[in-house]
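Structure first, commentary second.
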Amino acid sequence: MAAAPAKKKEAAKKKKGSVQKKDAYEVSGDKVTRKKPVCPKCGAGVFMATHADRVSCGKCGYTEFKKQ
């Protein structure tokens with residue numbers, strides 16, 4: 001007996017934009033500054049994701065909640 005074809009939900013999915021590393025830095029003259037906060041547990045090079053109510057690290061899970 002043949003199985004029924006699975007329905008595709010690709011049309012319903014929302015396409016997420018990719019985050020590029022070049023967007024995390026700002027170059028002014030000969031200085032490079034980081035735009036995003038850095039994780040205090042993981043150290044330099046690991047940026048934290050900025051949400052509406054918190055910032056969180058995707059590597060170790062460290063979270064800081066924003067004051068309202």
Side-chain angles (χ1 to χ4, degrees):
M1 215 173 200
K7 292 184 180 181
K8 293 185 180 182
K9 295 185 178 181
E10 293 178 21
K13 289 185 179 180
K14 188 175 182 180
K15 189 173 182 179
K16 294 182 180 179
S18 63
V19 178
Q20 296 181 354
K21 287 191 177 187
K22 68 175 186 162
D23 295 333
Y25 298 96
E26 184 177 315
V27 179
S28 58
D30 58 345
K31 291 184 113 183
V32 177
T33 56
R34 296 181 180 104
K35 290 183 182 178
K36 294 184 176 184
V38 179
C39 180
K41 289 175 97 176
C42 297
V46 180
F47 293 108
M48 298 179 75
T50 306
H51 301 278
D53 60 343
R54 67 192 184 281
V55 290
S56 61
C57 178
K59 187 174 181 181
C60 69
Y62 177 80
T63 304
E64 291 180 357
F65 290 94
K66 295 179 182 177
K67 294 181 181 179
Q68 293 189 36

If hydrophobic clusters are built by linking Ile, Leu, Val, Met, Phe, Trp and Tyr wherever their side-chain heavy atoms come under 4.5 Å apart, do Met48 and Val46 end up in the same one? no
Is there a side-chain contact between Thr50 and Lys66, using heavy atoms and a 4.5 Å cut-off? yes
Do other residues, nucleotides or ligands put more than 12 heavy atoms under 6.0 Å from the NZ atom of Lys22? no
Check whether any side-chain N or O of Lys41 sits under 3.5 Å from a backbone N or O of Gly61 as a donor-acceptor pair, and report yes or no. no
Shared hydrophobic cluster, Tyr25 / Val38 (ILVMFWY, side-chain heavy atoms < 4.5 Å): yes
When every non-hydrogen atom of Val27 is compared with those of Val32, the smallest separation belongs to CG2-CG2, 4.3 Å
Check Cys42 against Cys39 and note the closest heavy-atom contact, atom names and distance. N-SG, 3.4 Å
Any side-chain heavy-atom pair of Lys35 and Asp23 under 4.5 Å: no
More than 12 heavy atoms of other residues, nucleotides or ligands under 6.0 Å from NZ of Lys21: is that the case? no
